[in-house]
2 protein chains.
Amino acid sequence: MLITQEREDYLKIIYKLQQSESPVRTNSIARAMGIEPASVTGVIKKLSEIKLLDYRPYKGVTLTPAGEKVALEVIRHHRLIELYLVEALGYSWDEVHDEAEHLEHVVSDRFEDRIAEMLGHPELDPHGEPIPTKDGVIAETSTQALSSLSAGDRAVISRVEDEDGDLLRYLAQLNLRPGASVEVLSVEPYGGSIHVRVDGKSETVGQEAADGVFVDLE
Amino acid sequence: MLITQEREDYLKIIYKLQQSESPVRTNSIARAMGIEPASVTGVIKKLSEIKLLDYRPYKGVTLTPAGEKVALEVIRHHRLIELYLVEALGYSWDEVHDEAEHLEHVVSDRFEDRIAEMLGHPELDPHGEPIPTKDGVIAETSTQALSSLSAGDRAVISRVEDEDGDLLRYLAQLNLRPGASVEVLSVEPYGGSIHVRVDGKSETVGQEAADGVFVDLE
DNA sequence: CGGCAGAGTTAGTGTACCCTAATTCTGGTA
DNA sequence: TACCAGAATTAGGGTACACTAACTCTGCCG
Ligand SMILES: [Mn+2]
Ligand SMILES: [Mn+2]
Ligand SMILES: [Mn+2]
Ligand SMILES: [Mn+2]
């Protein structure tokens with residue numbers, strides 16, 4: 001088998017890192033995968049041999065079109081599965097990520113198609129992240145963090161980071177969900193809390209939490 | 001990781017082979033797994049080291065209680081998933097086996113519990129095979145093949161073999177499904193076809209297909 | 001009960017990941 | 001520009017599973 005579950009995760013992570021760093025460095029991949037940089041070198045060499053990555057030693061990697069295709073397929077699986085778990089099986093949004101992390105590698109095309117159809121070919125996952133289409137088209141996604149706003153700014157939450165269940169439970173408590181309108185009331189200096197109005201209620205958001213909430217400014 | 005997806009499949013297959021052979025021989029495992037006997041030896045040694053198998057060199061293996069527990073968990077996953085795919089996602093009974101073969105190793109306890117609940121804690125999978133309970137209790141299953149019956153016998157189909165999609169499509173055409181009542185009209189000698197009445201219609205069943213259909217005699 | 005066929009194991013190889021330790025490269029700073 | 005810290009790679013080792021080829025054991029049969 002040329003493409004294993006681990007390799008799919010490498011490609012997925014490289015895709016995500018590429019949004020903010022290109023070429024993607026060995027150390028970034030190692031950090032994201034939770035393994036040692038030395039281990040990454042071997043794998044990215046192999047992935048470049050099979051033409052899924054372009055690898056420039058000591059510089060980093062970029063996805064080839066073929067590699068990007070694989071990455072987007074895995075991301076599509078992941079996000080469709082997350083949404084399916086919420087909609088069809090009653091999961092809460094903080095429980096779906098870990099389950100999807102495993103399922104994404106084993107579901108068939110038929111499974112993917114069936115749940116996509118049942119969900120009405122959705123465009124967003126439970127965290128507001130765009131779901132790539134079957135032919136690899138993915139919507140742009142906001143990179144403006146709530147933590148970067150200033151007093152008086154109004155914005156709509158577009159997505160939240162989904163890897164940390166604790167963060168998601170915290171955000172749910174505050175009603176900070178994709179689609180919610182927020183108005184920044186005040187910002188404490190030097191990385192302090194942010195005071196916002198959400199759903200008419202005023203709430204205090206920790207700065208680190210606000211780093212994981214992305215918005216579209218109005 | 002002590003227990004990999006491959007090892008789960010070994011244990012599952014050994015569980016099934018144990019129904020008709022004990023201890024289970026290296027060659028049987030190799031045939032069922034589609035690999036060489038030499039490869040099996042190494043794996044069963046490791047599985048006996050970690051106390052999931054009792055291994056007597058040159059004789060074969062038996063599951064320890066711990067090994068049987070793992071096997072039954074995997075089988076529970078497999079059969080629940082098969083039924084879920086049919087009931088919730090509109091799969092036909094010939095499509096579910098391959099999908100379940102992969103999913104069985106990655107679903108969480110939560111997933112298992114949710115689909116079991118949604119299905120009403122079912123006792124049989126789409127092929128009539130019993131689903132072990134969460135604490136490892138499994139119903140007896142018929143071992144009387146349709147091919148072993150004689151003219152005049154009446155029986156109810158209890159289960160069919162689920163690994164061969166072609167066989168399942170063939171059986172579906174003939175309405176040979178679990179629960180169906182059959183009456184043997186005649187049997188051609190020397191492994192010939194079997195003529196049966198199913199749902200009031202008379203049908204001819206190939207002998208090899210009849211080997212994969214198990215019944216309870218009336 | 002000796003011999004032999006077939007079953008099973010061992011030996012040696014290869015791929016896929018992972019690790020630590022040692023070495024080399026790179027890019028920015030003095 | 002020479003140096004150095006940090007980044008990256010290489011070297012060497014380990015586990016998990018596959019394979020083929022060679023050897024050994026077992027059980028049956030004459
Ligand atoms: Mn994954
Ligand atoms: Mn998500
Ligand atoms: Mn399996
Ligand atoms: Mn089945």
Side-chain angles (χ1 to χ4, degrees), chain A residues 1-14 17-18 20-63 66-67 70-71 74 101-102 104-106, chain B residues 1-14 17-18 20-63 66-67 70-71 74 101-102 104-106:
Chain A
M1 189 65 79
L2 268 151
I3 182 84
T4 65
Q5 302 193 184
E6 280 77 22
R7 288 176 180 188
E8 287 185 349
D9 278 336
Y10 273 89
L11 294 171
K12 191 177 66 165
I13 276 170
I14 290 165
L17 292 170
Q18 234 174 15
S20 52
E21 175 186 55
S22 182
V24 178
R25 312 199 118 264
T26 301
N27 267 358
S28 310
I29 299 168
R31 207 174 319 115
M33 296 279 299
I35 63 179
E36 296 302 315
S39 308
V40 171
T41 303
V43 175
I44 63 184
K45 269 186 185 172
K46 203 83 220 320
L47 287 172
S48 86
E49 262 173 44
I50 61 178
K51 308 285 187 213
L52 296 174
L53 291 180
D54 286 325
Y55 171 45
R56 295 182 46 225
Y58 295 101
K59 295 300 163 57
V61 294
T62 51
L63 291 168
V70 173
V74 178
E101 198 58 53
H102 295 109
E104 64 189 1
H105 307 292
V106 299
Chain B
M1 189 66 77
L2 268 149
I3 182 83
T4 64
Q5 301 193 184
E6 280 77 22
R7 287 175 180 188
E8 288 185 349
D9 278 336
Y10 272 89
L11 295 170
K12 190 177 66 164
I13 277 169
I14 290 165
L17 291 170
Q18 234 175 17
S20 52
E21 175 186 54
S22 182
V24 178
R25 316 206 108 244
T26 301
N27 265 359
S28 310
I29 300 168
R31 207 174 319 113
M33 295 279 299
I35 63 178
E36 295 303 315
S39 309
V40 171
T41 303
V43 175
I44 62 184
K45 270 185 183 172
K46 203 84 221 321
L47 287 172
S48 84
E49 261 174 44
I50 60 178
K51 308 286 188 212
L52 296 174
L53 291 180
D54 285 325
Y55 171 44
R56 296 183 45 226
Y58 295 102
K59 295 301 163 55
V61 294
T62 50
L63 291 169
V70 173
V74 178
E101 198 58 53
H102 295 110
E104 64 188 2
H105 307 292
V106 299

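Worth knowing before you read on, the calculation uses all heavy atoms, side chains too, and leaves out hydrogens, waters and symmetry mates. In the text below, chain A, chain B and the rest are named by the order of the sequence lines, each starting its count at 1.
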Could you check how far CG of B:Asp9 sits from C1' of D:dA16, rounded to whole Å? 15 Å

Given D:dT26, is OP1 or OP2 found less than 4.0 Å from the side-chain N or O atoms of B:Lys59? no

Could you work out, with salt bridge (Lys or Arg N to Asp or Glu O under 4.0 Å) as the rule, every residue matching B:Glu8, not counting sequence neighbours? none

Short heteroatom pairs, N/O only, protein and nucleotides 17-24 of chain C, under 3.5 Å:
| residue | atom | partner | partner atom | Å |
| --- | --- | --- | --- | --- |
| C:dC17 | OP1 | A:Thr4 | OG1 | 2.5 |
| C:dC17 | OP1 | A:Glu6 | OE1 | 3.1 |
| C:dC17 | OP2 | A:Thr4 | OG1 | 3.2 |
| C:dC17 | OP2 | A:Arg7 | NE | 2.1 |
| C:dC17 | OP2 | A:Arg7 | NH2 | 3.2 |
| C:dC18 | OP2 | A:Tyr10 | OH | 2.9 |
| C:dC19 | OP2 | A:Glu36 | N | 3.0 |
| C:dC19 | OP2 | A:Ser39 | OG | 2.4 |

Please report the distance, rounded to the nearest Å, between CD in B:Glu8 and P in D:dA16. 15 Å

Could you tell me whether the phosphate oxygens of C:dT9, OP1 or OP2, come under 4.0 Å of any side-chain nitrogen or oxygen in B:Thr26? yes

Let me know the distance between CZ of A:Arg25 and P of C:dT26, rounded to the nearest Å. 11 Å

Name every donor-acceptor pair, under 3.5 Å, that has one atom in a side chain of residues 22-32 of chain A and the other anywhere in the protein, sequence neighbours excluded.
| residue | atom | partner | partner atom | Å |
| --- | --- | --- | --- | --- |
| A:Ser28 | OG | A:Glu21 | OE1 | 2.8 |
| A:Ser28 | OG | A:Glu21 | OE2 | 3.2 |

Spatial distance of atom OG1 (B:Thr62) from atom CG (B:Leu53) [nearest 0.5 Å]: 7.5 Å

For C:dT15, does either OP1 or OP2 sit under 4.0 Å from a side-chain N or O belonging to A:Lys46? no

To the nearest Å, how far apart are A:Ile3 CD1 and C:dT15 P? 17 Å

Calculate the interatomic distance between B:Arg56 atom CZ and C:dA7 atom C1'; express it in whole Å. 15 Å

Please report the distance, rounded to the nearest Å, between CG in A:Leu47 and C1' in C:dT15. 14 Å

In a table with atom names and distances, give each donor-acceptor pair under 3.5 Å that connects a side chain of residues 34-48 of chain A to protein atoms at least two apart or in another chain.
| residue | atom | partner | partner atom | Å |
| --- | --- | --- | --- | --- |
| A:Thr41 | OG1 | A:Pro37 | O | 3.4 |
| A:Ser48 | OG | A:Lys45 | O | 3.1 |

For the CG atom of A:Leu2 and the NZ atom of A:Lys51, what is their distance to the nearest 0.5 Å? 13.0 Å

For the residue pair A:His105 and B:Val106, establish whether any side-chain heavy-atom pair is separated by less than 4.5 Å. no

Look at the side-chain N and O atoms of A:Asn27 and state whether any lies under 4.0 Å from the OP1 or OP2 oxygen of D:dG6. no

